[in-house]
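Counting convention: from 1, in listed order, for ligands and their atoms alike. Residue numbers run from 1 in the order of the sequence given.
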Amino acid sequence: MNDHVYPVPADWAERAKINKERYAELYRESLSNPDAFWRREAQRLDWQKPFTKVSESSFDEATFGISWFSDGQLNVSANCIDRHLAERGDQPAIIWEPDSPPEMGGGEGRIITYAQLHEAVCRLANGLKSLGIRKGDRVTIYLPMIPEAAISMLACARIGAIHSVVFGGFSPDSIANRVQDCDSRLIITADEGLRGGKVVPLKANVDEALKLLHGPTVEKVVVVTRTGAGVWMEEGRDLSYEELVAAQSPDCPADVLNAEDPLFILYTSGSTGKPKGVLHTMGGYLTWASMTHEYVFDYRPGEIFWCAADVGWVTGHSYVVYGSLANGATTLMYEGVPNFPDFSRFWQIIDKYQVQIFYAAPTALRALMREGDDWVTKTSRASLRLLGSVGEPINPEAWEWYHRVVGEGRCPIVDTWWQTETGAAMITPMPGATDLKPGSASFPMFGVEPQLVDGDGHVLEGATEGNLVLTRSWPGQMRTVWGDHRRFFETYFTTYRGKYFTGDGCRRDADGYYWITGRVDDVINVSGHRMGTAEVESALVAHAKVAEAAVVGYPHDLKGQGIYAYVTLNANDVPSEALRRDLVQWVRKEIGPIATPDVIQFAPGLPKTRSGKIMRRILRKIAENDVSSLGDTSTLADPSVVADLVANRAGAS
Ligand code: ATP
Ligand code: MG
């Protein structure tokens, strides 16, 4: 549909850490001699006790287990902070930009050097110990995008407490479920959060959540002062973060921890069903986050790196915090949203701090694209040299816009495919090595061996389309579902024996590029012809008036399944019958008659998870007119969208 290829720019081919030859060489080695490859790559970390074992992993039921560097010892927080102090103690580790810009009273933001980060993390780690938190205890972090979120994660890592970050936009119900599932002993939250100029009552949400718990789990609630609003503090349970850390020593020796000790639990974003507590461990995860951060973003010391994801998602864990700081980077944390106070906010922040690398989600890019180019072009963006995308397939139309308008044609785009379960980027371009095809995540990261299989598990070769599986373990692989090792095995390793099943569909083209077509559960079967949702959605988004589209199947008497498309228009366009007909013709022309939408419903908004992913599960129910059982909608960003979709449901048969 879009066969434009963007070759590696000459200066990138010359300067990048990984060029074409190097990629081929390292990729080959990573599969043919993984032991040597990983022994070397893991040296990017400081090990208090060197490992002798590399991987002892098996996806087979009888020998099932995943383990990397298991006899090594290290401390994740020392790797992210202490070892940088001699060389870059005064370098900013975290640049923080508040929700509102200074001219609107947001204040000036904060710059935290590595030396200051060290002190802050040590104080909090001591504070946690003083509250009785020990290695292996779970700590829930429910904070806005403020430096204390990163500090809290690192303080837990320093003493071997297991953090579970719960996105600051979640409701009391969602907090309660996640706290209960892992029996957290302590919660770190803030009085209130600020997002897009609105106040989020974080502490009040925690109070609500605690009332919903069965049995005593949470003993203490530590409250960061963000807005200074007076909030309820329960005697004996709640205490001030600032008072806690002020009373502690600024030094806390880093504990010696095992490579396979748990680092964090993170509940998946819930696009497909009940969230799972994904568990990651110390040594393998940090090796993987650090390695991918360096190679995918071609990170160079001194550069300002901005990953716009919230720390409540795995992208924030691996690239705002762990991968960046392990590499001694300056990481930018932004508290707010892309469209507040206006649609220029991202680009203004890039100019303000001279950001070189910017990494965001397609959902944000599509939302900004629909408002027109002026918001972008009135800013400079001269500092940018690389752009990234993550979270969903990026429609070629949005890719082209990102490349042409935001990057002014000079910045490569790394479209990184990965999952909470995979820890960090798995299929992705590398800017000095990969000729880019808009919409394709391109090639596997070192050590990743993808395969496409059919429904019966037969391996498909060459240019083909199928279910994406991974045949071998990688260091950043999740180790278990918290509290339910059986569910871990059953969810990922029983669909195709001996292989990790990603749940995603994928196409491989004649040049070997991988194209994620969407979740396998979302595949539509029209008259025996299987279609990924991504392809039809991208065709719709390519229309000049369409900002965003979501496509699902619904039962159809003749075809088995029909195509039901929900379409959101650009800011200045209005729905009409003529436009509806035009869109149908447009898709027929772009893909072919087989993809003709049977129903098009214009929608002011689409149901999305809090991380911005379209929830097709709900759209399917509406298309099927099965609106009484929409299932778990607690992870929806804006539940009111659903009511509108139901009320204006188009007349599907
Ligand atoms: P849950 O597993 O709870 O249903 P989720 O899958 O949305 O939620 P994540 O782990 O955040 O939770 O998302 C991973 C999924 O996001 C991938 O399986 C894939 O479907 C999609 N994805 C992420 N990055 C990309 C990308 N670059 N291109 C295409 N799809 C992507
Ligand atoms: Mg998933």
Side-chain angles (χ1 to χ4, degrees), residues 165 167 170 174 177-178 181 266-278 280 292 296 307 309-319 359-365 387-396 398-399 402 413-429 436-445 450 467-470 476-478 481 487-488 491-492 495 500-507 513-523 532-535 537-538 607-618 631-637:
V165 180
F167 172 57
F170 275 135
S174 307
N177 289 336
R178 287 160 175 75
D181 186 75
L266 182 58
Y267 291 86
T268 55
S269 64
S271 307
T272 52
K274 184 175 178 285
K276 297 174 278 286
V278 168
H280 283 286
T292 55
V296 174
C307 165
D310 194 280
V311 289
W313 314 123
V314 73
T315 309
H317 280 58
S318 301
Y319 295 117
Y359 186 38
T363 181
L365 300 172
L387 300 170
S389 168
V390 60
E392 281 183 296
I394 180 165
N395 322 99
W399 194 104
Y402 198 22
I413 297 177
V414 288
D415 171 7
T416 61
W417 173 84
W418 55 294
Q419 310 178 298
T420 310
E421 295 89 336
T422 71
M426 299 291 282
I427 298 182
T428 171
L436 303 171
K437 296 191 184 188
S440 169
S442 74
F443 300 119
M445 173 48 65
N467 302 326
L468 178 63
V469 300
L470 305 168
Q477 182 169 24
M478 73 181 280
V481 171
R487 184 175 175 204
F488 176 48
T491 306
Y492 302 100
T495 317
Y500 171 84
F501 179 39
T502 63
D504 286 341
C506 185
R507 180 162 68 82
Y513 282 69
Y514 288 86
W515 302 71
I516 306 296
T517 54
R519 295 165 199 282
V520 170
D521 296 347
D522 295 333
V523 165
T533 48
E535 199 179 11
E537 287 163 8
S538 288
K608 293 189 182 168
T609 62
R610 304 269 171 172
S611 60
K613 291 172 203 246
I614 297 168
M615 269 216 214
R616 289 184 193 72
R617 179 169 59 80
I618 288 173
D632 181 9
T633 52
S634 65
T635 58
L636 272 179

Ligand 1 contact on P393 by region, counting heavy-atom pairs under 4.0 Å: both
Main-chain N/O of S389 paired with T416 side-chain donor or acceptor, under 3.5 Å: yes
Which residue and heavy atom of the protein sit nearest atom 16 (O) of ligand 1, plus the separation: K613 NZ, 2.9 Å
T609 contact mode with ligand 1 (heavy-atom cut-off under 4.0 Å): neither
Heavy-atom nearest option to atom 26 (C) of ligand 1, drawn from M615, E392, K276: E392
Element-labelled atoms of ligand 1 that are located less than 4.0 Å from some non-hydrogen atom of W418: 14 (C), 17 (C), 23 (C), 24 (N)
Protein heavy-atom partner closest to atom 12 (O) of ligand 1 - residue, atom, separation in Å: S269 OG, 3.0 Å
Sub-4.5 Å side-chain heavy-atom contact between T502 and M426: no
Closest protein heavy atom to atom 4 (O) of ligand 1, given as residue, atom name and distance to 0.1 Å: T272 OG1, 2.4 Å
Contact check: Q419 vs ligand 1, nitrogen or oxygen atoms, below 3.5 angstrom: yes
Minimum-distance protein heavy atom relative to atom 22 (N) of ligand 1: G391 O, 3.2 Å
Side chain H280, main chain T420, donor-acceptor under 3.5 Å: yes
Proximity of F443 and Y514 rings by center, below 6.0 Å: no
Atom 6 (O) of ligand 1 - nearest protein heavy atom and its distance: R519 NH1, 3.0 Å
Ionic contact status for K608 with E392, cut-off 4.0 Å: no
Heavy atom of the protein closest to atom 7 (O) of ligand 1 (residue, atom name, distance): S271 OG, 2.5 Å
Donor-acceptor contact present, side-chain K437 to main-chain S442, <3.5 Å: no
Proximal ligand 1 atoms for T420, defined as those under 4.0 Å from one of its heavy atoms: 9 (P), 10 (O), 11 (O)
Ligand 1 versus I516: contacting region, heavy-atom distance under 4.0 Å: side chain
Sub-4.0 Å heavy-atom approach of D415 to ligand 1: yes
Interfacing atoms of ligand 1 (cut-off 4.0 Å, heavy-atom, T268): 1 (P), 2 (O), 3 (O)
